[in-house]
Asker: 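Dumping the structure here so I can ask a few things about it.
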Amino acid sequence: MDSVNINHRQENISLPIEIENGSAVLARPSGPKHSLVILDKRELDRHCLAQCMAANTKDFLVLAFGSIEEWKQKREEYPPLSAIILNVGGRMVDDPVVSEQIKNLSSEFASTPVIILADSDDFAQIVRAIDFGAKGYIPATVSISVCMELIALSVAGGLFVPASALFAMRHLLQSSSSTVHPMAGIFTDRQAEVVAALRRGKANKIIAYELNLRESTVKVHVRNIMKKVKATNRTEVVFKLNDLYPDSLAGSGMNRELC
């Protein structure tokens, strides 16, 4: 009797997907103790995103619904909720419908992080999302593995915003500091006025007259300014001041002198 060889091969095991009333549930064999809910009215998008996320985490049962109301109808069937991912896609956060959704979710689920997933990484949109109560903002440019790490960060109590937002914020702060208060932290307000006059080449008498000060008081200010910039004479102090504050102040002052 001929022997029969049976070849065993390992089959690719795919995650089970259940679709009920327009919602998808992707379960993992390990039985996670926490749920992660994706909210997105676009059925195909939410199902695809849920499947990708489920394949990259063992910590959460990934659920996908078109609305939070759909999840509420089945919430007793799933583990406790750990985070809500609101996928807004190409819509803007300041769209009234989107902004209201973020506010309502953040208010109702105060102890659960609401994380925005969006196509845009615009600084203004990120700031508005955080203002509306979101605990994170993930741009669609990140990889799925990074996305899951950022979600875990938010669940742990952190707040994530893209690096582009931090760079934009730094740029705004630097611009504000250089244009509005160029001498903040170095000179007093009165010394700053004397500095501006020195850079325009004005004599102590003129400075005293324009600032309504005694000439002796102006001399004291000049000496203190020289100490702060470590200059030994009036010419050196002007040179160092121009090196510290190039461009706007001297230029604008000279323009006023010529008018």
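Remember, predicted model here, so these are calculated numbers, not experimental data.
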Asker: Using a cut-off of 6.0 Å, state whether more than 12 heavy atoms not belonging to Lys41 lie near its atom NZ.
Answerer: no
Asker: Could you go through Phe109 and Ile68, starting from their C-alpha distance and side-chain angles, then the distance that decides it, and tell me whether this counts as side-chain contact (heavy atoms from CB on, under 4.5 Å)?
Answerer: CA-CA 11 Å; Phe109 299 90; Ile68 196 64; 3.8 Å; yes
Asker: Looking at CG of Asn204 and NE2 of His221, how far apart are the two atoms once the value is rounded to the nearest 0.5 Å?
Answerer: 11.0 Å
Asker: Nearest heavy-atom pair of Ile130 and Gly136: which atoms, and what distance?
Answerer: CD1-N, 4.3 Å
Asker: Kindly work out whether a path of hydrophobic side-chain contacts (I/L/V/M/F/W/Y, heavy atoms less than 4.5 Å apart) joins Ile151 to Val146.
Answerer: yes
Asker: Does Asp189 have more than 12 heavy atoms from other residues, nucleotides or ligands lying within 6.0 Å of its CG?
Answerer: no
Asker: CD1/Ile144 to CE/Met53 distance, rounded to the nearest 0.5 angstrom?
Answerer: 5.0 Å
Asker: Between Ser99 and Pro96, is there a donor-acceptor pair closer than 3.5 Å when you use the side chain of the first and the backbone of the second?
Answerer: yes
Asker: Considering only heavy atoms from C-beta outward, does the side chain of Arg190 approach that of Leu211 to under 4.5 Å?
Answerer: yes
Asker: Do Met92 and Asp122 have side chains that get closer than 4.5 Å, going by heavy atoms?
Answerer: no
Asker: Do Ile207 and Leu213 have side-chain heavy atoms sitting under 4.5 Å apart?
Answerer: no
Asker: Are Leu159 and Val114 co-members of a hydrophobic cluster defined by side-chain heavy atoms under 4.5 Å apart?
Answerer: yes
Asker: Got a second to check how far Ile85's CD1 is from Cys147's SG, nearest 0.5 Å?
Answerer: 6.5 Å
Asker: I want to check something: taking the side chain as every heavy atom from C-beta on, are Trp71 and Ile84 in contact at a cut-off of under 4.5 Å?
Answerer: no
Asker: Suppose the criterion is salt bridge (charged side-chain N to carboxylate O under 4.0 Å, His left out): which pairs have a residue in residues 229-239, not counting sequence neighbours?
Answerer: Glu236-Lys240
Asker: Which atoms form the tightest heavy-atom contact between Ile116 and Ala134, and what is the distance?
Answerer: CG1-CB, 3.7 Å
Asker: If you define the side chain from C-beta out and look only at heavy atoms, does anything of Gln125 sit under 4.5 Å from Tyr137?
Answerer: yes
Asker: For Arg128 and Ile102, run side-chain contact (heavy atoms from CB on, under 4.5 Å): C-alpha distance rounded to whole Å, both residues' side-chain angles, the deciding distance at 0.1 Å, then the answer.
Answerer: CA-CA 10 Å; Arg128 289 190 182 98; Ile102 298 173; over 6 Å; no
Asker: To the nearest 0.5 Å, tell me how far Met226 CE sits from Asn233 CG.
Answerer: 6.0 Å
Asker: So do Leu36 and Val155 actually touch side chain to side chain, heavy atoms under 4.5 Å?
Answerer: no
Asker: So which atom in Leu117 and which in Asn87 form the shortest heavy-atom distance, rounded to 0.1 Å?
Answerer: O-OD1, 3.2 Å
Asker: Name all pairs fulfilling the ring-ring contact (aromatic ring centres under 6.0 Å, His included) condition that reach into residues 191-218, sequence neighbours left out, sorted by first residue then second.
Answerer: none
Asker: Please lay out, stage by stage, how Arg75 and Leu81 fare under the test side-chain contact (heavy atoms from CB on, under 4.5 Å).
Answerer: CA-CA 9 Å; Arg75 63 189 304 174; Leu81 182 62; over 6 Å; no
Asker: Could you give me the CA-CA distance, side-chain angles and deciding distance for Leu61 and Ser35, then say whether side-chain contact (heavy atoms from CB on, under 4.5 Å) is met?
Answerer: CA-CA 5 Å; Leu61 173 66; Ser35 296; 4.3 Å; yes
Asker: Any chance you could measure His34, atom NE2, to Thr57, atom OG1, to the nearest 0.5 Å?
Answerer: 11.0 Å
Asker: Under 4.5 Å between any side-chain heavy atoms of Leu49 and Asp40, yes or no?
Answerer: no
Asker: In Å and rounded to the nearest 0.5 Å, what is the OG to CE distance from Ser145 to Met148?
Answerer: 10.0 Å
Asker: Can you name the closest pair of heavy atoms from Pro113 and Ser111 and give their distance?
Answerer: CD-O, 4.0 Å
Asker: What is the minimum heavy-atom distance between Ala64 and His47, and which atoms define it?
Answerer: CB-CD2, 4.4 Å
Asker: Side-chain contact, heavy-atom cut-off 4.5 Å: Leu39 with Leu105?
Answerer: yes
